[in-house]
**Q** 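Following this message is one structure expressed as structure tokens.
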Amino acid sequence: MFRLIFRQRRRLLFTSLTAALSLLLLVWTTHPLEMASFFTVPWIGIATFSIVFFVLVLSAMAIGVLVLLVLPTWRQLLEVLAIFLFVIAVTKSLIPQMYDIAYVGGVLPFFLYIGIFSLMYGTTLDRFPIWLDHHQRRHFVSPLWAQALWDRLVPLPETADRHWDPLLHEITPDPEARDTYDVRYAMGGSLYELQTITYLDLSAPHHARYHHVGEVDPKNRALVEGTYEVTITPARMGTAAMC
């Protein structure tokens, strides 16, 4: 359970903050005079809004955790609903008369929700060529010996229990491909995130380079594909590593 929540922390944080801001904006739009009255004494208004915002964030996060635990396969609805609330709050603030038009006020939210979901998880954006390219490098010095550091950083079947990521559940060799392994990350309960890694270079305990890709729909492959490289060298005060 805690592993699943930890893996989804960014989704929970985004959902709770966006939902809380949207609800505050909706209340301000529908009751502007009452809300402004809190700021006759500035510090009272700031303190009140801070407390209300904090309570809304915690409430939204609690609802998000409940959805993750009860309906984990529906977790995408969290950010969709949060963005939907934000769009409703902004449009109601900028064009409040739009929701008073006959039939529009009742139908528009439905089409907004469908449109947001289609853009985020449908095939609408697949027609546009989008490339993602991200490079990141980290360098640090560790008191561990090279072999111990190798066991922590390089995922292999014989070192899986010593890997730095506690969510790493299992690594099994692919019988049909050389230097290729199937990796499973525990997501909580019976849920697992699947990944395939293929080593391009493996020179223990000093250098490793492998290609990794998640098992997702091909249209989303660019989001979960890349190359990971580890270089371990002796240093004066320990062992230096660059990832």
**Q** If we only count heavy atoms from C-beta on, is the Tyr210 to Pro155 side-chain gap below 4.5 Å?
**A**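 Result yes, sub-4.5 Å side-chain heavy-atom pair found.
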**Q** Decide yes or no for Ile171 and Leu156: does some side-chain heavy atom of the first lie under 4.5 Å from some side-chain heavy atom of the second?
**A**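 Not touching, per the 4.5 Å side-chain cut-off.
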**Q** Once you round to the nearest 0.5 Å, how far does CZ of Phe117 lie from CG of Leu81?
**A**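 Separation between the atoms: 10.0 Å.
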**Q** Over all heavy atoms of both residues, which pair between Ala20 and Leu56 is shortest? Give the atoms and the distance, please.
**A**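 That closest heavy-atom pairing would be CB-CB, 3.8 Å.
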**Q** Are Phe86 and Ile95 connected, step by step, through hydrophobic side chains (Ile, Leu, Val, Met, Phe, Trp, Tyr) whose heavy atoms are closer than 4.5 Å?
**A**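 They do share one cluster, since a chain of ILVMFWY contacts under 4.5 Å joins Phe86 to Ile95.
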**Q** Quick one: pull up CH2 in Trp150 and OG in Ser203 and give me the separation to the nearest 0.5 Å.
**A** 6.5 Å
**Q** Measure the shortest side-chain to side-chain distance between Tyr181 and Tyr199 over non-hydrogen atoms and say whether it is less than 4.5 angstrom.
**A** yes
**Q** First locate atom CD1 of Ile197, then atom OG1 of Thr227, and finally report the distance between them rounded to the nearest 0.5 Å.
**A**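 Rounded to the nearest 0.5 Å, the CD1-OG1 separation comes to 12.0 Å.
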**Q** Working to the nearest 0.5 Å, report the span between CG of Leu23 and OG of Ser59.
**A**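 Answer for the CG-OG pair, Leu23 versus Ser59, is 9.5 Å.
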**Q** Are Val80 and Trp74 grouped together when hydrophobic residues (ILVMFWY) are joined by side-chain heavy atoms under 4.5 angstrom apart?
**A** yes
**Q** For a 4.5 angstrom cut-off between non-hydrogen side-chain atoms, does Leu66 reach Val70?
**A**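 A side-chain contact under 4.5 Å exists here.
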**Q** Quick check: is Leu21 connected to Val55 through a chain of hydrophobic side chains (ILVMFWY, heavy atoms under 4.5 Å apart)?
**A**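 Hydrophobic grouping puts Val55 apart from Leu21.
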**Q** Evaluate the side-chain proximity of Thr233 to His206: yes if any heavy-atom separation is below 4.5 Å, no if none is.
**A**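 Answer no - side chains too far apart.
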**Q** Is a donor on one side and an acceptor on the other found under 3.5 Å between the side chain of Thr180 and the backbone of Arg178?
**A** yes
**Q** Taking all atoms of both residues into account, what is the closest heavy-atom pair of Leu112 and Phe84, and its distance?
**A** CB-CE1, 4.1 Å
**Q** Considering only heavy atoms from C-beta outward, does the side chain of Val87 approach that of Ile116 to under 4.5 Å?
**A**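 Heavy-atom side-chain distance check passes, below 4.5 Å.
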**Q** Under 6.0 Å between ring centres: does that hold for His169 and Tyr185?
**A**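 Aromatic pair excluded; centres sit 6.0 Å or further apart.
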**Q** Classify the ring geometry of Phe49 against Trp28: parallel below 30°, tilted from 30° to 60°, perpendicular beyond 60°.
**A** perpendicular
**Q** To the closest 0.5 Å, what do you measure between CG (Leu168) and CD (Gln195)?
**A** 9.0 Å
**Q** So with a 6.0 Å cut-off around CZ of Arg9, is the heavy-atom count from everything else above 12?
**A** yes
**Q** Please determine whether residues Phe54 and Val52 belong to a single hydrophobic cluster, defined as Ile, Leu, Val, Met, Phe, Trp and Tyr linked transitively by side-chain heavy-atom distances below 4.5 Å.
**A**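 Unlinked, Phe54 and Val52 end up in two clusters.
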**Q** Over all heavy atoms of both residues, which pair between Ala89 and Thr29 is shortest? Give the atoms and the distance, please.
**A**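 Taking every non-hydrogen atom into account, O-OG1, 4.5 Å.
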**Q** Under 3.5 Å, side chain of Ser16 to main-chain N/O of Met61, donor-acceptor pair present?
**A**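 Checked: no pair found.
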**Q** Would Asp151 and His163 count as having a side-chain donor-acceptor pair, cut-off 3.5 Å?
**A**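 No pair is found: no donor N or O on one side chain lies under 3.5 Å from an acceptor on the other.
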**Q** Before you tell me yes or no, could you show the steps for His212 and Thr196 under side-chain contact (heavy atoms from CB on, under 4.5 Å), namely the whole-Å CA-CA distance, both residues' side-chain angles and the distance that decides it to 0.1 Å?
**A** CA-CA 6 Å; His212 61 86; Thr196 300; over 6 Å; no
**Q** Apply side-chain contact (heavy atoms from CB on, under 4.5 Å) to Trp145 and Leu149, showing your working.
**A** CA-CA 6 Å; Trp145 292 101; Leu149 195 57; over 6 Å; no
**Q** Rounded at 0.5 Å granularity, tell me how far CG in Asp182 sits from CG in Leu194.
**A** 8.0 Å
**Q** Does Asp201 form a side-chain contact (heavy atoms from CB on, under 4.5 Å) with His207? I'd like the steps, not just the answer.
**A** CA-CA 7 Å; Asp201 182 42; His207 184 260; 2.5 Å; yes
**Q** Sub-3.5 Å donor-acceptor pair from the side chain of Thr15 to the main-chain atoms of Leu12, do we have one?
**A**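 The answer is no, because no donor-acceptor pair under 3.5 Å joins these two groups.
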**Q** Under a 4.0 Å N-O cut-off, is there an ion pair linking Arg184 with Glu193?
**A** no
**Q** Please check if atom CZ in Phe53 has more than 12 non-hydrogen atoms from other residues, nucleotides or ligands closer than 6.0 Å.
**A**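 Yes, CZ of Phe53 has more than 12 neighbouring heavy atoms, counting only those of other groups under 6.0 Å.
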**Q** Where is the tightest heavy-atom contact between Ala186 and Tyr192, given as atom of each residue plus distance?
**A** CA-CD2, 3.8 Å
**Q** Of all the heavy-atom pairs spanning Val154 and Thr159, show the shortest one and how long it is.
**A**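 Of all heavy-atom pairs spanning Val154 and Thr159, the closest is O-OG1, 3.2 Å.
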**Q** Cluster question for you: counting only ILVMFWY and a side-chain heavy-atom cut-off of under 4.5 Å, with indirect links fine, are Tyr228 and Leu200 together?
**A** no
**Q** Please tell me if the side chains of Leu85 and Thr18 come closer than 4.5 Å, counting only heavy atoms from C-beta onward.
**A** no
**Q** Heavy-atom count around Arg152 CZ within 6.0 Å, excluding the residue itself: above 12?
**A**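 No, because the 6.0 Å sphere around CZ of Arg152 holds 12 heavy atoms or fewer from other groups.
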**Q** What verdict does the side-chain contact (heavy atoms from CB on, under 4.5 Å) test give for Val230 and Ile232, after you've listed the backbone C-alpha separation in whole Å, the side-chain angles of each residue and the deciding distance to 0.1 Å?
**A** CA-CA 7 Å; Val230 178; Ile232 300 174; 3.9 Å; yes
**Q** A side-chain contact here means heavy atoms from C-beta on lying under 4.5 Å apart; do Leu202 and Asp179 qualify?
**A**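 No, their side chains stay 4.5 Å or more apart.
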